[in-house]
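Contents: one structure, followed by commentary.
Note that the coordinates shown come from a computational prediction; the quantities given were computed from them, not determined experimentally.
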Amino acid sequence: VGNSLIDDPSVSDKAFKWEEEFPEIIKEGGFDIIIGNPPYVRIQEMNEKEINFLSNRTKISRGYLDTYMLFTEIAINKIKKNGIFSFIMPLKFLTSNYGEGLRRLFLDSGQIIKIIDFEDLPVFETATTYSGIIVFKKTEIRDAEIQYFRESDLNSVKNGLIEKFEPIKINQNSLSEKPWVLTNEDERNLIAKLEKRGIKLNDICEKIFQGLITSADSVFILRLKNGMLYSESIKDYVKIESEMLKNFVKGKDIKRYGDLSTDKFLLFPYRKNEKNKYELIPENELIKSYPLTYEYLSKNKAELLRRGDVINKSIEWYAFSRPQNLEEFENEKIMTPFNAFSNSFTIDKTAKYFFTAGVAGGYGLKLKARISSKYILGLLNSKLIEFFIKHTSTYLRGKYYSYENRFIKRVPVIFGSSIQIAEIEKLVERVLDLYAVLGKTSRNTDMFNNFRDQIKSVENEIDSIVYEIYDLKKSEIDVINTLFK
């Protein structure tokens, strides 16, 4: 057994030379069929020699690489003409930026016969991989239909009853190296139409930014409990100087048109310098000017010292691991959680809320000057834009969708007439007020149901205006409404 990714003995003592191990097969043009379940390992976890070798050898990626991608590249190269390749493998490459090279390899090398997408089903009990099966034939034929199956029943998969539903059929020639939208023809045509309209969300933003990273949230994120600050790290109440605290929300606190008020605070050992940029407060000044903060941080010093960035001596022991975008938080911004069941954009009019990065955090959208935040908020929470994001984003375990920058920045934005913009702004103000009142109303009451009905009515009005702005036909609106049945 050898390392079939590496054929150079100077790189690996288990170097595997295909031509020597399978001389007759390689001489005849390759294997008739290759099937497998390749290992899923980021090459960054390998040693430096192996990383350099694989990065220089592959033609499918520059940057992020996973071994399953490299095994796929080798398998396609090692099958003969009209040979078959089939792997069970992660399918995130279908929509990710790093998957562009692998998508192009499939399209240039032959015909994708079938894709069976297990979506978020836990087909491997010990790993969350969002896997699927790809069946591929190495042929000159390109103008053929791909059969795409979505499997959502784990019992059916375990019992071998996959492909029990009619597949979505997609002409391979309709795909490119761009992220693949694997859906029916009506939906693909509507997505293609939207992608050609207006400008991208990224173009009307000064910045779409991630939250900060502390690598010790239990230390830096405090919450109010019985009117006092409580720390999860020491399981006790604490006293902190008020100047050292910032209003804070987690991704789950960012809700559709929601009020951002929470019981959480971020311990913030930073101050602005003469250039109006945040910098870490020196330790001696922290001791002198903020003794309560320093005392609390000192109680957590052992935990803070265990962070990788501290061990590598790239940050001070009490600093955030990644203090990114700190100046951006104190601006009016539209916010979204990192992942959500549905579009959950809201607005921070107070310009005071901080949040973290990663799956438990979110993103902020700082719009360019003179762009109406209420108008954009109305677009982003509309059914049309939710349809677009859910067909161009990544589907995650638990029925969530990803609202990462790489997906939302592509949202098409069209500015309607001044009358249409004013109408949406007015309706958004109304729905923001209604959601605020709804959040303070007891559930399962007539009043709660009344407010919820009013919200639905106002949001339907917004949707109708958005359809007009984007010039949608009734048949296209029907396609969108199918998603919400």
*Does a side-chain N-to-carboxylate-O contact under 4.0 Å join Lys178 and Glu100?*
no
*Is there side-chain contact between Thr72 and Phe87, with heavy atoms separated by less than 4.5 Å?*
yes
_Between OG on residue Ser321 and CG on residue Asp309, distance to nearest 0.5 Å_ = 4.5 Å
*asked:* Check this for me: does any side-chain nitrogen of one of Glu386 and Lys390 sit under 4.0 Å from a carboxylate oxygen of the other?
replied: yes
_Show the nearest heavy-atom pair for residues Val181 and Arg188, with the distance to one decimal._
O-CD, 3.4 Å
*Near-ring test Phe329/Phe354, centroid separation under 6.0 angstrom*: yes
_So for atom NZ, which belongs to Lys225, do other residues, nucleotides or ligands contribute more than 12 heavy atoms lying within a distance under 6.0 Å?_
yes
*Would you say Phe149 and Ile115 make side-chain contact, with heavy atoms under 4.5 Å?*
no
_Looking at every heavy atom in both Asn331 and Ala351, which two are closest together, and how far apart are they?_
C-CB, 3.3 Å
_To check you understand the geometry: which heavy-atom pair defines the closest contact between Phe268 and Tyr278, and what is its length?_
CE2-CE2, 3.4 Å
*Please find out if less than 6.0 Å separates the ring center of Tyr257 from that of Phe345.*
no
*asked:* Does Phe320 form a ring pair (Phe, Tyr, Trp, His ring centres under 6.0 Å) with Phe220? I'd like the steps, not just the answer.
replied: CA-CA 9 Å; Phe320 298 155; Phe220 288 102; 5.1 Å; yes
*asked:* Between the side chains of Glu177 and Arg103, is the shortest nitrogen-to-carboxylate-oxygen separation below 4.0 Å, so that they form an ion pair?
replied: no
*Can Lys272 and Glu330 be counted as an ion pair, charged N to O under 4.0 angstrom?*
yes
*Parallel, tilted or perpendicular for Phe136 and Phe106, by the 30°/60° rule?*
perpendicular
*Do NZ/NE/NH1/NH2 and the carboxylate oxygens of Glu185 and Lys169 come within less than 4.0 Å?*
no
_Tyr270 side chain reached by Leu326 side chain, heavy atoms, under 4.5 Å_ = yes
*Test Val458 against Arg430 for side-chain contact (heavy atoms from CB on, under 4.5 Å), laying out the working first.*
CA-CA 8 Å; Val458 175; Arg430 175 66 177 146; 4.0 Å; yes
*Please lay out, stage by stage, how Phe355 and Tyr353 fare under the test ring pair (Phe, Tyr, Trp, His ring centres under 6.0 Å).*
CA-CA 7 Å; Phe355 52 87; Tyr353 283 96; 9.8 Å; no
*Knowing that exactly one of Asn343, Asn339, Thr336 qualifies, which makes a side chain to side chain donor-acceptor pair (under 3.5 Å) with Tyr403?*
Asn343
*Between Lys250 and Asp217, does at least one N-O distance fall below 4.0 Å, as a salt bridge requires?*
yes
_Looking at every non-hydrogen atom in both residues, tell me the closest pair between Val428 and Gly378 and how far apart they are._
CG2-CA, 3.6 Å
*Quick one: do Lys366 and Glu206 make a salt bridge, cutoff under 4.0 Å?*
yes
*Are Asp348 and Lys333 within salt-bridge range, i.e. N to O under 4.0 Å?*
yes
*asked:* Check this for me: does any side-chain nitrogen of one of Glu459 and Arg256 sit under 4.0 Å from a carboxylate oxygen of the other?
replied: yes
*More than 12 non-hydrogen atoms from neighbouring residues, nucleotides or ligands closer than 6.0 Å to CZ on Arg104, yes or no?*
yes
